[in-house]
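Chain letters run A, B, ... following the sequence lines, proteins first and then strands; every chain starts at 1.
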2 protein chains.
Amino acid sequence: MLTDRQLLILQVIIDEFIESAHPVGSRAISKKGHVSYSPATIRNEMADLEDMGYLEKTHSSSGRIPSEKGYRYYVDHVIVPTMTQSKLNIMEHIIQDDFFEMEEIVQKSAEILSDLTNYTSIILGPEVFETKLKQLQIVPLSQHKAVAILITDTGHVEHRSFTIPVEILASDLEKMVNILNDRLHGVPLIHLQDVLNTEVVTLMKMYVQDYERSYSYLKHAFFSEQPVNIYIGGKSNILTQPEFKDVEKVRSFYTMMENKDELVQLFSNMQSGMNVTIGHENKFEAIKDFSMITATYSLDKGQQGTIALLGPTRMEYRKVMTLLNAVANEMTDALYIWYKNNGQ
Amino acid sequence: MLTDRQLLILQVIIDEFIESAHPVGSRAISKKGHVSYSPATIRNEMADLEDMGYLEKTHSSSGRIPSEKGYRYYVDHVIVPTMTQSKLNIMEHIIQDDFFEMEEIVQKSAEILSDLTNYTSIILGPEVFETKLKQLQIVPLSQHKAVAILITDTGHVEHRSFTIPVEILASDLEKMVNILNDRLHGVPLIHLQDVLNTEVVTLMKMYVQDYERSYSYLKHAFFSEQPVNIYIGGKSNILTQPEFKDVEKVRSFYTMMENKDELVQLFSNMQSGMNVTIGHENKFEAIKDFSMITATYSLDKGQQGTIALLGPTRMEYRKVMTLLNAVANEMTDALYIWYKNNGQ
DNA sequence: TGTTAGCACTCAACCTTACCGAGTGCTAAT
DNA sequence: ATTAGCACTCGGTAAGGTTGAGTGCTAACA
């Protein structure tokens, strides 16, 4: 357990380091005010803090920098208790727009967040979790070409063009789509495969001639991809951070950002509320020098999305956490109202 | 006009520099074979080439590097005459896929191109030019919420959700969409606005009650954005190039890549066929250290898309031009066949 | 016992200097 | 017209010196 003085010193060091990116020395702390002890005393405390693993040195006679454990302590014990549930009304002007679409809100928010923080923002749209199928459609483009369109109740649209082999009758497809629409309307996306394989299949066998072939085609067209909405804002922001002068780091970061699957995994086991992941707590090597702060926003019935900000471990935790908290709350509020007005 | 020997030397210097990224000296050229003159002779020629502006020095006693004018000469006089119209059959396996969609082909091609070259590839989908509207649709999500979907004959799908104000009758919207579909089917996207404002408006005034309001809503939902398909592959590839050790360059590059509008502008006045833009010939400051090679591919009736590869000015022009040429041809061929089989 | 002044020590960062080698330009010889 | 020879230039690297911010430890002090 840390004494008050140790906690104070730890806090000052972290605040200072977050601002300057340079190791912090005892003299600097003593001068900065707040701590009214001599450098020597502070040095002793710093040595203790280092022994306990909260601080590190870059070399034997350097000042101290926070360790990941230090940041963790700071986040858990210093910031959280002082967080206010303030509303910043950041998103007011977005929500007001008449032509809003969930995906647009989400995208705009990502941009705003990275502009305000100078970090990279990632937003994961509402989970497939409770999202339901609204409608399936096939629009023929020509004799052998069509677009399959899938619409969810959140207004998300997936589409995929495909060629219809001559062997398959257009009428069969049409019948099939009708059956599918009839049966699958309102089914959560996550259960689509199940319902398809049980109820629907038998039905289709009855009515559709060349069932086997047509079914495999449709299945491929409609359900081959899991719809995920992921938006990234301000990727080039991290380049302004001094810790990323090294091109190798930049490279691994960008490679990661281009890989949707990995990104989705990043968020896989986040609970509701705020989450801070510091450095190696992260599961990917590529961002072991990063911290990530995530918050969840909710839609009406348990649907849940994630907002995240990604920056160096030397991140402005307090600012970002306050901001993210506010934005998540505002999104939840706005979406609640929206659902109430427009809900099915 | 260059003598044969000067041309040879220029060529050797450029080839060498493209490979090594280091200034090329007279001794190295003499040793490499091909040029059977002494270093002194070569030095004289190099001095002449520098006077003419084809070569540069990085400092007074360094070897020579090609100037932009040098690359330009090389591209115009050395490469073009030797280019064969070879078919590389790179895309065979993509085209074979049954479930292909133009947008997918395009995206896959972008990836393949950047993998093969280690540069960044940009592909611009077929221009709106001749793309025609296939169908408009409105799918209601709830009482006051709907998705507007626009489908083109190339299989491209645009969508946008919007809220329907209480004042507007759903039946009005439906009528309207019917009229629009009837009248706008087959109209090139580029003329949509015109046709809307002339023919369609009068028709709608006749049949639709609260015409003014409904119309402005629909217009916003369907036609507020120009649909552009732009795909970028291998953004992080350029980080492997030694000239981009400087983080500032990386930053300006990425900032540019995140800005669709600028990217589209980049391609604005490209003619058919191959185009090479070297360094400052480019209109954007952010990529003044880059060269861009573009090729156009065509669809059936004058629709045209652009493929581009973006790399350092020290780019493997010959390889990239050969490759790009082949890919563009193969795309054109494949799309021609596709159109013949599936065309309307 | 907790705090602080003093002091020797460490090490990154920076500067200077020296030197090497790849390269040039020019001149004179072939 | 070509080339050998030579003085010169300059980036790059390595070695040594200096500075200053910082530490740990000891001993004195409240």
(request) Give a yes/no on whether any side-chain N or O of A:Arg27 is located under 4.0 angstrom from OP1 or OP2 of C:dT4. (result) no

(message) If you take any heavy atom closer than 4.0 Å to DNA chain C, which residues from residues 55-64 of chain B end up in contact?
(response) B:Lys57, B:Ser61, B:Ser62, B:Gly63, B:Arg64

(message) Counting only heavy atoms and a strict 4.0 angstrom limit, can you tell me which residues of residues 17-24 of chain B come near DNA chain D?
(response) none

(request) Could you state the atom-to-atom distance from CD1 of A:Ile42 to C1' of C:dT4 in whole Å? (result) 11 Å

(request) Could you tell me whether a side-chain N or O of A:Thr296 sits under 3.5 Å from a main-chain N or O of A:Gly273, the two making a donor and an acceptor? (result) yes

(message) Does a side-chain N or O of A:Ser38 approach OP1 or OP2 of C:dT4 to a distance below 4.0 Å, or not?
(response) yes

Under 3.5 Å, which donor-acceptor pairs link side chains of residues 63-74 of chain B to any protein atom two or more places apart or in another chain?
residue, atom, partner, partner atom, Å
B:Arg64, NE, B:Glu50, OE1, 2.9
B:Arg64, NH2, B:Glu50, OE1, 2.9
B:Ser67, OG, B:Gly53, O, 2.6
B:Ser67, OG, B:Tyr54, O, 3.2
B:Ser67, OG, B:Lys69, N, 3.3
B:Ser67, OG, B:Gly70, N, 3.0
B:Glu68, OE1, B:His280, N, 3.1
B:Glu68, OE2, B:His280, N, 3.2
B:Glu68, OE2, B:His280, ND1, 2.8
B:Lys69, NZ, B:Met52, O, 2.8
B:Arg72, NE, B:Glu281, OE2, 3.1
B:Arg72, NH1, B:Asp76, OD1, 3.1
B:Arg72, NH2, B:Val276, O, 2.7
B:Arg72, NH2, B:Glu281, OE1, 2.6
B:Arg72, NH2, B:Glu281, OE2, 3.4
B:Tyr74, OH, B:Asp15, OD1, 2.5

(request) Go through the steps for A:Lys32 and A:Glu16 under the test salt bridge (Lys or Arg N to Asp or Glu O under 4.0 Å), then give the verdict. (result) CA-CA 10 Å; A:Lys32 262 274 147 128; A:Glu16 186 63 25; 3.3 Å; yes

(message) I need the minimum non-hydrogen distance between A:Thr255 and B:Ser236, along with the two atoms involved.
(response) OG1-OG, 3.7 Å

(request) Identify whether the distance between the nearest side-chain nitrogen and carboxylate oxygen of A:Glu45 and A:Arg5 falls below 4.0 Å. (result) yes

Enumerate the protein-to-nucleotides 27-29 of chain C contacts in which both atoms are nitrogen or oxygen and the separation is below 3.5 Å.
none

(request) Could you pull out all residues at least two apart from A:Tyr37 that satisfy ring pair (Phe, Tyr, Trp, His ring centres under 6.0 Å)? (result) none

(message) What is the first contacted nucleotide of DNA chain D and what is the last, in 5' to 3' order, if contact means an atom lying under 4.0 angstrom from a heavy atom of chain B?
(response) D:dT2 to D:dG11

(request) Looking only at non-hydrogen atoms, find the nearest pair between B:Phe244 and B:Ile238 and report the distance. (result) CD1-O, 3.5 Å

(request) Look at A:Glu243 together with A:Arg314 and state whether they make a salt bridge at an N to O cut-off of under 4.0 Å. (result) yes

(message) Check this for me: B:Asp4, atom CG, are more than 12 non-hydrogen atoms of other residues, nucleotides or ligands nearer than 6.0 Å?
(response) no

(request) Report the distance from atom NZ of A:Lys31 to atom OG of A:Ser26, rounding to the nearest 0.5 Å. (result) 11.5 Å

(request) Return the value, rounded to whole Å, for the distance between atom CZ of A:Arg43 and atom P of C:dG2. (result) 18 Å

(message) Minimum heavy-atom separation for A:Lys260 and A:Ile230, please, with both atom names.
(response) CE-CG2, 3.5 Å

(request) Would you name the heavy atoms of A:Val78 and A:Arg318 that are closest together and state the gap between them? (result) CG1-NH2, 4.1 Å

(message) For B:Leu116 versus B:Lys319, what's the shortest heavy-atom pair and its separation?
(response) O-NZ, 3.2 Å

